[in-house]
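Below, chain A is the first sequence line, B the second, and so on; all start at residue 1.
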Protein chains: 2
Amino acid sequence: MGHSGAFCYPYARPAVTVDCVVFGLSEDRLQVLLVQRDEEPFLQHWGLPGGFVRIEEDLEESVRRELESKTRCKNIYFEQLYTFGALDRDPRGRTISIAYFALVNSASYPIDDVGGELSQSSGHKQVRWHGVDTLPQLAFDHGKLIACALERLRSKIMYRPIGFELLPSRFTLSRLQKLYEILLGRELDKRNFRKKILSMGVLDGLEAWEQNGAQRPAQLYRFNQSKYQQKLKQGDFFEV
Amino acid sequence: MGHSGAFCYPYARPAVTVDCVVFGLSEDRLQVLLVQRDEEPFLQHWGLPGGFVRIEEDLEESVRRELESKTRCKNIYFEQLYTFGALDRDPRGRTISIAYFALVNSASYPIDDVGGELSQSSGHKQVRWHGVDTLPQLAFDHGKLIACALERLRSKIMYRPIGFELLPSRFTLSRLQKLYEILLGRELDKRNFRKKILSMGVLDGLEAWEQNGAQRPAQLYRFNQSKYQQKLKQGDFFEV
DNA sequence: CCAAAAGTGTTCACGGTACACCCATGC
DNA sequence: GCATGGGTGTACCGTGAACACTTTTGG
(Lines give C-alpha, C1' and ligand atoms only; values in the text may rest on other atoms or scores of the structure.)
Protein backbone atom coordinates (compact mmCIF):
# COMPACT_ATOMS: atom_id res chain seq x y z
CA MET A 1 0.00 0.00 0.00
CA GLY A 2 1.73 3.12 -1.19
CA HIS A 3 2.24 6.35 0.69
CA SER A 4 3.75 8.27 -2.19
CA GLY A 5 1.81 10.83 -4.19
CA ALA A 6 -0.66 13.52 -3.42
CA PHE A 7 -3.89 11.63 -4.04
CA CYS A 8 -4.99 9.58 -1.09
CA TYR A 9 -8.12 7.57 -0.43
CA PRO A 10 -9.49 5.60 2.49
CA TYR A 11 -9.64 2.46 0.35
CA ALA A 12 -7.34 1.21 -2.36
CA ARG A 13 -8.49 2.12 -5.85
CA PRO A 14 -7.75 0.30 -9.07
CA ALA A 15 -6.13 2.26 -11.87
CA VAL A 16 -8.48 2.88 -14.78
CA THR A 17 -7.41 2.93 -18.40
CA VAL A 18 -9.06 3.02 -21.78
CA ASP A 19 -7.68 0.92 -24.61
CA CYS A 20 -8.83 1.12 -28.16
CA VAL A 21 -8.84 -1.50 -30.88
CA VAL A 22 -8.53 0.59 -34.04
CA PHE A 23 -9.46 -1.26 -37.21
CA GLY A 24 -8.45 -0.25 -40.68
CA LEU A 25 -8.78 -1.92 -44.04
CA SER A 26 -5.94 -2.45 -46.45
CA GLU A 27 -6.38 -3.75 -49.96
CA ASP A 28 -7.23 -7.25 -48.89
CA ARG A 29 -7.14 -7.51 -45.15
CA LEU A 30 -8.33 -6.13 -41.90
CA GLN A 31 -5.72 -4.46 -39.76
CA VAL A 32 -5.30 -3.26 -36.23
CA LEU A 33 -3.31 -0.23 -35.17
CA LEU A 34 -0.66 -1.14 -32.62
CA VAL A 35 1.83 0.90 -30.67
CA GLN A 36 5.23 -0.34 -29.68
CA ARG A 37 5.76 0.20 -25.98
CA ASP A 38 8.76 2.25 -24.93
CA GLU A 39 8.65 1.40 -21.24
CA GLU A 40 8.15 -1.45 -18.85
CA PRO A 41 6.20 -3.58 -18.47
CA PHE A 42 6.22 -5.32 -21.84
CA LEU A 43 8.97 -3.04 -23.13
CA GLN A 44 9.04 -3.15 -26.93
CA HIS A 45 6.02 -5.37 -27.12
CA TRP A 46 3.17 -4.19 -29.28
CA GLY A 47 0.00 -3.07 -27.59
CA LEU A 48 -3.19 -1.18 -28.13
CA PRO A 49 -3.25 2.59 -28.05
CA GLY A 50 -4.63 3.62 -24.70
CA GLY A 51 -3.80 5.14 -21.38
CA PHE A 52 -5.02 6.24 -18.02
CA VAL A 53 -8.34 7.97 -17.72
CA ARG A 54 -7.76 11.46 -16.40
CA ILE A 55 -9.84 12.45 -13.47
CA GLU A 56 -11.44 15.38 -15.23
CA GLU A 57 -12.28 13.70 -18.51
CA ASP A 58 -15.11 11.59 -19.75
CA LEU A 59 -14.37 8.05 -20.93
CA GLU A 60 -15.10 9.11 -24.51
CA GLU A 61 -12.87 12.13 -24.15
CA SER A 62 -10.09 9.83 -22.99
CA VAL A 63 -10.50 7.64 -26.01
CA ARG A 64 -10.68 10.61 -28.36
CA ARG A 65 -7.50 12.05 -26.87
CA GLU A 66 -5.67 8.76 -27.28
CA LEU A 67 -6.92 8.30 -30.82
CA GLU A 68 -5.96 11.79 -31.86
CA SER A 69 -2.50 11.49 -30.42
CA LYS A 70 -1.89 8.16 -32.15
CA THR A 71 -3.67 8.67 -35.44
CA ARG A 72 -3.76 12.45 -35.71
CA CYS A 73 -7.31 12.15 -36.84
CA LYS A 74 -10.55 13.50 -35.45
CA ASN A 75 -14.11 12.33 -35.80
CA ILE A 76 -13.25 8.70 -35.76
CA TYR A 77 -16.10 6.26 -35.30
CA PHE A 78 -15.77 4.40 -32.02
CA GLU A 79 -17.91 2.66 -29.48
CA GLN A 80 -17.48 0.95 -26.17
CA LEU A 81 -16.65 -2.72 -26.31
CA TYR A 82 -16.21 -4.31 -22.92
CA THR A 83 -14.50 -3.69 -19.62
CA PHE A 84 -11.66 -5.94 -18.57
CA GLY A 85 -10.77 -6.22 -14.94
CA ALA A 86 -8.90 -9.45 -14.23
CA LEU A 87 -6.68 -9.17 -11.20
CA ASP A 88 -3.47 -10.03 -13.00
CA ARG A 89 -3.93 -8.21 -16.26
CA ASP A 90 -1.33 -5.58 -15.41
CA PRO A 91 1.78 -6.60 -13.45
CA ARG A 92 2.08 -3.07 -12.03
CA GLY A 93 -1.08 -3.53 -10.01
CA ARG A 94 -4.81 -3.73 -10.28
CA THR A 95 -5.89 -2.01 -13.46
CA ILE A 96 -9.28 -1.95 -15.05
CA SER A 97 -9.44 -1.26 -18.73
CA ILE A 98 -12.49 -0.01 -20.54
CA ALA A 99 -11.99 -1.23 -24.08
CA TYR A 100 -13.33 0.53 -27.16
CA PHE A 101 -13.14 -0.29 -30.79
CA ALA A 102 -12.76 2.22 -33.57
CA LEU A 103 -13.09 2.10 -37.33
CA VAL A 104 -11.04 4.36 -39.53
CA ASN A 105 -10.68 4.83 -43.19
CA SER A 106 -7.08 3.80 -43.29
CA ALA A 107 -6.57 5.38 -46.70
CA SER A 108 -6.12 8.53 -44.62
CA TYR A 109 -3.05 7.04 -42.99
CA PRO A 110 0.16 5.59 -44.31
CA ILE A 111 -0.41 1.88 -44.40
CA ASP A 112 2.24 -0.70 -44.28
CA ASP A 113 1.19 -4.02 -45.66
CA VAL A 114 4.26 -6.14 -45.59
CA GLY A 115 5.15 -5.22 -42.04
CA GLY A 116 8.55 -3.73 -42.77
CA GLU A 117 8.43 -0.03 -42.10
CA LEU A 118 6.68 1.99 -39.49
CA SER A 119 3.78 4.07 -40.66
CA GLN A 120 3.62 6.96 -38.26
CA SER A 121 5.25 8.01 -35.11
CA SER A 122 3.79 9.81 -32.14
CA GLY A 123 6.43 11.05 -29.79
CA HIS A 124 9.05 8.32 -30.02
CA LYS A 125 6.74 5.36 -30.15
CA GLN A 126 6.27 3.34 -33.27
CA VAL A 127 2.72 3.06 -34.47
CA ARG A 128 1.91 0.52 -37.12
CA TRP A 129 -0.86 -1.42 -38.78
CA HIS A 130 -0.83 -5.18 -38.28
CA GLY A 131 -2.97 -7.67 -40.14
CA VAL A 132 -5.41 -9.29 -37.71
CA ASP A 133 -4.21 -12.71 -38.79
CA THR A 134 -0.55 -11.92 -38.31
CA LEU A 135 -0.42 -10.22 -34.93
CA PRO A 136 2.83 -10.15 -32.98
CA GLN A 137 2.99 -11.07 -29.30
CA LEU A 138 0.99 -8.49 -27.47
CA ALA A 139 1.33 -6.66 -24.18
CA PHE A 140 -1.07 -7.29 -21.29
CA ASP A 141 -4.30 -9.03 -22.29
CA HIS A 142 -4.53 -7.04 -25.49
CA GLY A 143 -4.84 -10.18 -27.55
CA LYS A 144 -8.08 -10.88 -25.75
CA LEU A 145 -9.32 -7.37 -26.35
CA ILE A 146 -8.64 -7.65 -30.05
CA ALA A 147 -10.37 -11.02 -30.26
CA CYS A 148 -13.35 -9.53 -28.48
CA ALA A 149 -13.43 -6.53 -30.82
CA LEU A 150 -13.19 -8.74 -33.88
CA GLU A 151 -16.10 -10.83 -32.79
CA ARG A 152 -18.16 -7.75 -32.13
CA LEU A 153 -17.25 -6.13 -35.41
CA ARG A 154 -18.04 -9.25 -37.40
CA SER A 155 -21.44 -9.63 -35.90
CA LYS A 156 -22.25 -5.95 -35.88
CA ILE A 157 -21.70 -5.32 -39.57
CA MET A 158 -24.54 -7.74 -40.14
CA TYR A 159 -27.11 -5.51 -38.54
CA ARG A 160 -25.69 -2.00 -38.44
CA PRO A 161 -24.23 0.04 -41.27
CA ILE A 162 -20.84 0.65 -39.70
CA GLY A 163 -18.77 -0.97 -42.42
CA PHE A 164 -18.76 2.30 -44.33
CA GLU A 165 -16.57 3.77 -41.62
CA LEU A 166 -13.71 1.67 -42.93
CA LEU A 167 -13.98 3.18 -46.40
CA PRO A 168 -13.48 6.63 -47.87
CA SER A 169 -16.72 8.59 -48.03
CA ARG A 170 -17.16 7.72 -51.71
CA PHE A 171 -16.75 4.07 -52.58
CA THR A 172 -17.79 1.47 -55.11
CA LEU A 173 -20.13 -1.39 -54.34
CA SER A 174 -17.39 -3.85 -55.23
CA ARG A 175 -15.18 -2.32 -52.61
CA LEU A 176 -17.95 -2.51 -50.04
CA GLN A 177 -18.57 -6.12 -50.93
CA LYS A 178 -14.87 -6.88 -50.58
CA LEU A 179 -15.00 -5.31 -47.13
CA TYR A 180 -17.79 -7.64 -46.08
CA GLU A 181 -16.00 -10.61 -47.55
CA ILE A 182 -12.82 -9.79 -45.67
CA LEU A 183 -14.66 -9.31 -42.40
CA LEU A 184 -16.86 -12.37 -42.73
CA GLY A 185 -14.16 -14.55 -44.20
CA ARG A 186 -16.32 -15.89 -47.02
CA GLU A 187 -17.32 -14.88 -50.49
CA LEU A 188 -20.63 -13.22 -51.21
CA ASP A 189 -22.74 -13.31 -54.33
CA LYS A 190 -22.39 -10.05 -56.22
CA ARG A 191 -25.97 -9.74 -57.40
CA ASN A 192 -27.48 -10.65 -54.06
CA PHE A 193 -25.17 -8.32 -52.22
CA ARG A 194 -25.98 -5.34 -54.40
CA LYS A 195 -29.69 -6.06 -54.29
CA LYS A 196 -29.65 -6.28 -50.52
CA ILE A 197 -27.46 -3.29 -49.84
CA LEU A 198 -29.28 -1.00 -52.24
CA SER A 199 -32.71 -2.08 -51.09
CA MET A 200 -31.94 -0.73 -47.64
CA GLY A 201 -32.06 2.73 -49.08
CA VAL A 202 -29.18 4.18 -47.13
CA LEU A 203 -26.76 4.57 -50.04
CA ASP A 204 -26.81 7.44 -52.51
CA GLY A 205 -25.56 6.62 -55.98
CA LEU A 206 -23.38 9.47 -57.20
CA GLU A 207 -22.97 10.77 -60.71
CA ALA A 208 -19.33 9.80 -60.48
CA TRP A 209 -17.37 6.83 -61.63
CA GLU A 210 -14.11 5.40 -60.54
CA GLN A 211 -11.62 4.49 -63.22
CA ASN A 212 -9.60 1.56 -62.03
CA GLY A 213 -7.20 0.61 -64.79
CA ALA A 214 -8.32 -1.32 -67.81
CA GLN A 215 -11.87 -2.05 -66.73
CA ARG A 216 -15.28 -0.63 -66.97
CA PRO A 217 -15.52 2.29 -64.52
CA ALA A 218 -17.49 1.63 -61.34
CA GLN A 219 -20.15 3.90 -59.94
CA LEU A 220 -19.40 5.62 -56.65
CA TYR A 221 -21.82 5.62 -53.74
CA ARG A 222 -22.05 7.49 -50.50
CA PHE A 223 -23.59 6.41 -47.21
CA ASN A 224 -26.49 8.67 -46.31
CA GLN A 225 -26.40 9.04 -42.55
CA SER A 226 -29.66 10.94 -42.29
CA LYS A 227 -31.62 8.42 -44.34
CA TYR A 228 -30.34 5.76 -41.97
CA GLN A 229 -31.23 7.74 -38.86
CA GLN A 230 -34.73 8.12 -40.22
CA LYS A 231 -35.06 4.41 -40.82
CA LEU A 232 -33.78 3.69 -37.34
CA LYS A 233 -36.47 5.87 -35.85
CA GLN A 234 -39.08 4.02 -37.83
CA GLY A 235 -37.80 0.83 -36.24
CA ASP A 236 -36.58 -0.12 -39.69
CA PHE A 237 -33.33 -1.98 -39.39
CA PHE A 238 -30.27 -2.51 -41.41
CA GLU A 239 -29.51 -6.13 -42.20
CA VAL A 240 -27.07 -7.86 -44.51
CA MET B 1 -7.26 16.08 -3.96
CA GLY B 2 -7.48 14.52 -0.52
CA HIS B 3 -4.68 13.71 1.92
CA SER B 4 -6.66 11.44 4.17
CA GLY B 5 -6.44 7.68 4.01
CA ALA B 6 -3.69 5.20 3.60
CA PHE B 7 -3.85 4.64 -0.16
CA CYS B 8 -1.97 7.25 -2.12
CA TYR B 9 -1.21 7.55 -5.80
CA PRO B 10 0.76 9.98 -7.95
CA TYR B 11 -2.34 10.76 -9.98
CA ALA B 12 -5.95 11.08 -8.95
CA ARG B 13 -7.95 7.89 -9.52
CA PRO B 14 -11.66 7.58 -10.11
CA ALA B 15 -13.64 5.37 -7.77
CA VAL B 16 -14.84 2.17 -9.43
CA THR B 17 -18.15 0.51 -8.69
CA VAL B 18 -20.24 -2.28 -10.12
CA ASP B 19 -24.01 -1.90 -10.34
CA CYS B 20 -26.36 -4.63 -11.30
CA VAL B 21 -29.76 -4.46 -12.94
CA VAL B 22 -31.47 -7.57 -11.61
CA PHE B 23 -34.53 -8.60 -13.57
CA GLY B 24 -37.28 -10.83 -12.27
CA LEU B 25 -40.62 -11.84 -13.65
CA SER B 26 -43.85 -11.58 -11.76
CA GLU B 27 -47.13 -12.98 -12.97
CA ASP B 28 -47.55 -10.40 -15.68
CA ARG B 29 -44.68 -8.00 -15.62
CA LEU B 30 -40.98 -7.57 -15.68
CA GLN B 31 -39.45 -6.24 -12.50
CA VAL B 32 -36.19 -4.79 -11.32
CA LEU B 33 -34.70 -5.30 -7.90
CA LEU B 34 -34.02 -1.99 -6.18
CA VAL B 35 -32.42 -1.08 -2.89
CA GLN B 36 -33.43 1.88 -0.81
CA ARG B 37 -30.38 3.90 0.06
CA ASP B 38 -29.71 4.52 3.74
CA GLU B 39 -27.07 7.18 3.30
CA GLU B 40 -26.25 10.27 1.34
CA PRO B 41 -26.18 11.03 -1.46
CA PHE B 42 -29.71 10.23 -2.61
CA LEU B 43 -30.72 9.20 0.90
CA GLN B 44 -33.88 7.08 0.74
CA HIS B 45 -33.94 7.08 -3.01
CA TRP B 46 -34.09 3.74 -4.72
CA GLY B 47 -31.07 2.55 -6.57
CA LEU B 48 -29.46 -0.50 -8.06
CA PRO B 49 -27.66 -3.02 -5.91
CA GLY B 50 -23.98 -2.38 -6.28
CA GLY B 51 -20.91 -1.05 -4.58
CA PHE B 52 -17.22 -0.40 -4.78
CA VAL B 53 -14.97 -2.90 -6.45
CA ARG B 54 -12.52 -4.22 -3.91
CA ILE B 55 -8.93 -4.12 -4.88
CA GLU B 56 -8.44 -7.84 -4.54
CA GLU B 57 -11.56 -9.02 -6.33
CA ASP B 58 -12.46 -9.59 -9.92
CA LEU B 59 -15.31 -7.60 -11.43
CA GLU B 60 -17.45 -10.71 -11.57
CA GLU B 61 -16.63 -11.53 -7.96
CA SER B 62 -17.74 -8.05 -7.01
CA VAL B 63 -21.04 -8.52 -8.75
CA ARG B 64 -21.52 -11.96 -7.27
CA ARG B 65 -20.84 -10.63 -3.78
CA GLU B 66 -23.34 -7.82 -4.24
CA LEU B 67 -25.96 -10.14 -5.66
CA GLU B 68 -25.57 -12.66 -2.89
CA SER B 69 -25.81 -10.05 -0.19
CA LYS B 70 -28.94 -8.54 -1.72
CA THR B 71 -30.72 -11.62 -3.00
CA ARG B 72 -29.18 -14.36 -0.87
CA CYS B 73 -28.92 -16.45 -3.96
CA LYS B 74 -25.99 -18.01 -5.77
CA ASN B 75 -25.50 -19.04 -9.35
CA ILE B 76 -27.43 -16.18 -10.77
CA TYR B 77 -27.12 -15.57 -14.49
CA PHE B 78 -25.44 -12.24 -15.16
CA GLU B 79 -23.38 -10.56 -17.81
CA GLN B 80 -21.65 -7.29 -18.33
CA LEU B 81 -23.74 -4.51 -19.80
CA TYR B 82 -21.87 -1.27 -20.22
CA THR B 83 -19.53 1.02 -18.34
CA PHE B 84 -20.77 4.43 -17.31
CA GLY B 85 -18.28 7.15 -16.58
CA ALA B 86 -19.87 10.59 -16.95
CA LEU B 87 -18.08 13.19 -14.85
CA ASP B 88 -21.12 14.18 -12.83
CA ARG B 89 -22.77 10.84 -12.28
CA ASP B 90 -21.84 10.74 -8.59
CA PRO B 91 -21.87 13.98 -6.58
CA ARG B 92 -19.22 12.58 -4.22
CA GLY B 93 -16.63 12.63 -6.98
CA ARG B 94 -15.56 10.91 -10.11
CA THR B 95 -16.97 7.42 -10.13
CA ILE B 96 -16.96 4.90 -12.91
CA SER B 97 -19.58 2.20 -12.80
CA ILE B 98 -19.35 -1.07 -14.61
CA ALA B 99 -22.96 -2.09 -15.06
CA TYR B 100 -24.15 -5.68 -15.23
CA PHE B 101 -27.55 -7.18 -15.71
CA ALA B 102 -28.80 -10.32 -14.07
CA LEU B 103 -31.78 -12.58 -14.55
CA VAL B 104 -33.29 -14.43 -11.64
CA ASN B 105 -36.15 -16.75 -11.22
CA SER B 106 -38.03 -14.48 -8.89
CA ALA B 107 -40.23 -17.28 -7.68
CA SER B 108 -37.28 -17.97 -5.40
CA TYR B 109 -37.81 -14.62 -3.72
CA PRO B 110 -40.73 -12.97 -2.01
CA ILE B 111 -42.24 -10.79 -4.67
CA ASP B 112 -44.30 -7.76 -4.06
CA ASP B 113 -46.49 -6.82 -6.93
CA VAL B 114 -48.52 -3.94 -5.66
CA GLY B 115 -45.54 -2.09 -4.27
CA GLY B 116 -46.67 -1.95 -0.69
CA GLU B 117 -44.45 -4.16 1.40
CA LEU B 118 -40.78 -4.81 1.27
CA SER B 119 -39.72 -8.20 0.06
CA GLN B 120 -36.43 -8.79 1.72
CA SER B 121 -33.97 -6.92 3.78
CA SER B 122 -30.22 -7.02 3.79
CA GLY B 123 -28.74 -5.29 6.78
CA HIS B 124 -31.14 -2.43 7.32
CA LYS B 125 -31.75 -1.56 3.71
CA GLN B 126 -35.02 -2.23 2.04
CA VAL B 127 -34.83 -4.38 -1.06
CA ARG B 128 -37.84 -4.57 -3.29
CA TRP B 129 -39.05 -5.51 -6.75
CA HIS B 130 -40.37 -2.67 -8.89
CA GLY B 131 -42.23 -3.05 -12.16
CA VAL B 132 -40.10 -1.67 -14.97
CA ASP B 133 -42.99 0.55 -16.04
CA THR B 134 -43.57 1.97 -12.60
CA LEU B 135 -40.13 2.86 -11.36
CA PRO B 136 -39.69 5.44 -8.63
CA GLN B 137 -37.20 8.27 -8.88
CA LEU B 138 -33.79 6.71 -8.92
CA ALA B 139 -30.42 7.54 -7.45
CA PHE B 140 -27.49 8.56 -9.63
CA ASP B 141 -27.90 7.69 -13.30
CA HIS B 142 -29.51 4.37 -12.46
CA GLY B 143 -32.49 5.17 -14.64
CA LYS B 144 -30.14 5.20 -17.60
CA LEU B 145 -28.57 1.92 -16.57
CA ILE B 146 -31.97 0.27 -16.34
CA ALA B 147 -33.03 1.62 -19.72
CA CYS B 148 -29.81 0.29 -21.20
CA ALA B 149 -30.31 -3.12 -19.60
CA LEU B 150 -33.89 -3.33 -20.81
CA GLU B 151 -32.89 -2.60 -24.35
CA ARG B 152 -30.19 -5.25 -24.19
CA LEU B 153 -32.46 -7.82 -22.63
CA ARG B 154 -35.21 -7.26 -25.18
CA SER B 155 -32.90 -7.66 -28.10
CA LYS B 156 -30.91 -10.49 -26.60
CA ILE B 157 -33.82 -12.82 -25.92
CA MET B 158 -34.35 -12.84 -29.67
CA TYR B 159 -31.08 -14.57 -30.38
CA ARG B 160 -29.93 -16.22 -27.19
CA PRO B 161 -31.81 -18.57 -24.90
CA ILE B 162 -31.52 -16.51 -21.77
CA GLY B 163 -35.23 -16.08 -21.12
CA PHE B 164 -35.28 -19.38 -19.29
CA GLU B 165 -33.21 -17.79 -16.55
CA LEU B 166 -36.28 -15.84 -15.49
CA LEU B 167 -38.30 -19.02 -14.95
CA PRO B 168 -38.09 -21.94 -12.60
CA SER B 169 -36.12 -24.82 -14.07
CA ARG B 170 -39.33 -26.61 -15.06
CA PHE B 171 -41.86 -24.49 -16.90
CA THR B 172 -44.72 -24.72 -19.34
CA LEU B 173 -44.55 -23.43 -22.88
CA SER B 174 -47.40 -21.05 -22.15
CA ARG B 175 -45.39 -19.50 -19.38
CA LEU B 176 -42.40 -19.14 -21.64
CA GLN B 177 -44.54 -17.53 -24.28
CA LYS B 178 -45.95 -15.14 -21.73
CA LEU B 179 -42.41 -14.21 -20.79
CA TYR B 180 -41.60 -13.32 -24.37
CA GLU B 181 -44.81 -11.38 -24.71
CA ILE B 182 -44.07 -9.38 -21.60
CA LEU B 183 -40.54 -8.62 -22.67
CA LEU B 184 -41.39 -7.78 -26.25
CA GLY B 185 -44.58 -5.94 -25.43
CA ARG B 186 -46.66 -7.72 -28.05
CA GLU B 187 -48.67 -10.88 -28.40
CA LEU B 188 -47.29 -13.94 -30.12
CA ASP B 189 -49.10 -16.68 -31.96
CA LYS B 190 -49.27 -19.78 -29.83
CA ARG B 191 -48.74 -22.33 -32.57
CA ASN B 192 -45.92 -20.48 -34.23
CA PHE B 193 -44.21 -19.87 -30.95
CA ARG B 194 -44.29 -23.50 -29.93
CA LYS B 195 -43.17 -24.65 -33.34
CA LYS B 196 -40.24 -22.27 -33.32
CA ILE B 197 -39.12 -22.87 -29.78
CA LEU B 198 -39.34 -26.64 -29.99
CA SER B 199 -37.66 -26.79 -33.38
CA MET B 200 -34.53 -25.31 -31.84
CA GLY B 201 -34.07 -28.52 -29.97
CA VAL B 202 -32.86 -27.04 -26.71
CA LEU B 203 -35.92 -27.91 -24.64
CA ASP B 204 -36.57 -31.28 -23.09
CA GLY B 205 -40.20 -32.22 -22.67
CA LEU B 206 -40.67 -33.85 -19.28
CA GLU B 207 -43.04 -36.60 -18.29
CA ALA B 208 -44.63 -34.15 -15.90
CA TRP B 209 -47.64 -31.96 -16.07
CA GLU B 210 -48.62 -28.85 -14.21
CA GLN B 211 -52.09 -28.72 -12.81
CA ASN B 212 -53.22 -25.14 -12.82
CA GLY B 213 -56.78 -24.99 -11.53
CA ALA B 214 -59.71 -26.00 -13.65
CA GLN B 215 -57.89 -26.59 -16.91
CA ARG B 216 -56.18 -29.22 -18.85
CA PRO B 217 -52.74 -29.83 -17.27
CA ALA B 218 -49.78 -28.36 -19.16
CA GLN B 219 -46.63 -30.25 -19.97
CA LEU B 220 -43.46 -29.13 -18.27
CA TYR B 221 -40.22 -28.52 -20.13
CA ARG B 222 -36.66 -27.98 -19.12
CA PHE B 223 -33.93 -26.03 -20.88
CA ASN B 224 -31.10 -28.32 -21.88
CA GLN B 225 -27.92 -26.33 -21.46
CA SER B 226 -25.65 -28.94 -22.99
CA LYS B 227 -27.75 -29.34 -26.13
CA TYR B 228 -27.52 -25.60 -26.54
CA GLN B 229 -23.76 -25.50 -26.02
CA GLN B 230 -23.42 -28.15 -28.67
CA LYS B 231 -25.50 -26.16 -31.14
CA LEU B 232 -23.48 -23.06 -30.39
CA LYS B 233 -20.28 -24.86 -31.26
CA GLN B 234 -21.80 -25.99 -34.53
CA GLY B 235 -22.46 -22.32 -35.31
CA ASP B 236 -26.11 -23.15 -34.97
CA PHE B 237 -27.89 -20.25 -33.40
CA PHE B 238 -30.90 -19.69 -31.29
CA GLU B 239 -33.47 -17.39 -32.82
CA VAL B 240 -37.06 -16.51 -31.96
C1' DC C 1 -9.84 -8.29 -79.96
C1' DC C 2 -8.64 -9.62 -75.39
C1' DA C 3 -8.48 -9.24 -70.40
C1' DA C 4 -10.67 -7.59 -66.39
C1' DA C 5 -14.03 -5.99 -63.51
C1' DA C 6 -18.92 -3.77 -63.65
C1' DG C 7 -23.41 -4.47 -63.93
C1' DT C 8 -28.00 -6.87 -64.26
C1' DG C 9 -33.03 -10.81 -63.31
C1' DT C 10 -35.10 -15.00 -62.53
C1' DT C 11 -36.05 -19.26 -60.22
C1' DC C 12 -36.43 -22.06 -56.15
C1' DA C 13 -36.51 -23.44 -51.35
C1' DC C 14 -37.37 -22.36 -46.85
C1' DG C 15 -38.97 -20.03 -42.99
C1' DG C 16 -42.29 -16.62 -41.03
C1' DT C 17 -46.99 -15.61 -40.50
C1' DA C 18 -51.81 -16.06 -40.34
C1' DC C 19 -55.44 -18.71 -38.92
C1' DA C 20 -59.57 -22.29 -36.10
C1' DC C 21 -60.74 -26.18 -33.80
C1' DC C 22 -60.64 -30.13 -30.39
C1' DC C 23 -58.88 -31.70 -25.64
C1' DA C 24 -58.48 -32.37 -20.69
C1' DT C 25 -59.69 -30.88 -16.37
C1' DG C 26 -62.28 -28.86 -12.05
C1' DC C 27 -66.21 -27.17 -10.54
C1' DG D 1 -72.03 -29.34 -19.05
C1' DC D 2 -69.42 -25.35 -19.08
C1' DA D 3 -65.55 -22.46 -18.49
C1' DT D 4 -60.65 -22.31 -18.94
C1' DG D 5 -56.39 -22.72 -20.79
C1' DG D 6 -53.62 -26.72 -23.40
C1' DG D 7 -52.53 -28.45 -27.52
C1' DT D 8 -52.26 -29.21 -32.73
C1' DG D 9 -51.58 -28.49 -38.86
C1' DT D 10 -51.95 -26.11 -43.21
C1' DA D 11 -51.73 -22.59 -46.79
C1' DC D 12 -49.60 -18.47 -48.38
C1' DC D 13 -46.13 -15.06 -48.99
C1' DG D 14 -41.79 -12.83 -48.79
C1' DT D 15 -36.98 -13.16 -48.28
C1' DG D 16 -32.44 -15.44 -48.91
C1' DA D 17 -29.69 -18.24 -52.05
C1' DA D 18 -28.17 -20.02 -56.36
C1' DC D 19 -26.92 -18.99 -60.80
C1' DA D 20 -24.62 -16.73 -66.28
C1' DC D 21 -24.25 -13.47 -69.46
C1' DT D 22 -23.56 -8.67 -71.40
C1' DT D 23 -21.11 -4.14 -70.95
C1' DT D 24 -17.38 -0.97 -70.71
C1' DT D 25 -12.89 0.21 -70.70
C1' DG D 26 -7.52 0.11 -71.56
C1' DG D 27 -4.03 -1.96 -73.69
Measure from [atom1] on [X] to [atom2] on [N] and round the result to the nearest Å.
{"X": "Q219(B)", "N": "dA24(C)", "atom1": "CD", "atom2": "P", "value": "14 Å"}
{"X": "R216(A)", "N": "dT22(D)", "atom1": "CZ", "atom2": "C1'", "value": "8 Å"}
{"X": "Y221(B)", "N": "dG6(D)", "atom1": "OH", "atom2": "P", "value": "12 Å"}
{"X": "N212(B)", "N": "dG6(D)", "atom1": "CG", "atom2": "P", "value": "7 Å"}
{"X": "Q215(A)", "N": "dC2(C)", "atom1": "CD", "atom2": "P", "value": "18 Å"}
{"X": "I197(B)", "N": "dT17(C)", "atom1": "CD1", "atom2": "P", "value": "13 Å"}
{"X": "E239(B)", "N": "dG16(C)", "atom1": "CD", "atom2": "C1'", "value": "11 Å"}

message: Taking the nucleotide of DNA chain C with the nearest heavy atom to each, does W209(A) or A214(A) sit closer to the 5' end?
response: A214(A)
query: Which of residues 167-196 of chain B have a heavy atom under 4.0 Å from DNA chain C?
result: D189(B), R191(B), N192(B), K195(B), K196(B)
Taking all non-hydrogen atoms of both residues, which atom of [X] and which atom of [Y] are closest, and how far apart?
{"X": "Y221(A)", "Y": "L173(A)", "value": "CE1-CG, 3.5 Å"}
{"X": "S97(A)", "Y": "L145(A)", "value": "OG-CD1, 4.4 Å"}
{"X": "F237(B)", "Y": "L232(B)", "value": "CE2-CD2, 3.6 Å"}

- request: Please check if the distance between the ring centroids of F171(A) and F164(A) is under 6.0 Å.
  value: yes
query: Just to confirm, is there a sub-4.0 Å distance from OP1 or OP2 of dG26(C) to any side-chain nitrogen or oxygen of Q211(B)?
result: yes
task: Applying side-chain contact (heavy atoms from CB on, under 4.5 Å), run through S62(A) and R65(A) and close with a yes or a no.
output: CA-CA 5 Å; S62(A) 265; R65(A) 174 173 55 77; 3.9 Å; yes
First encountered from the 5' end of DNA chain D, between P217(A) and L198(B): L198(B)
task: Would you kindly say whether E79(B) and Y77(B) are connected by a side-chain donor-acceptor distance under 3.5 Å?
output: yes
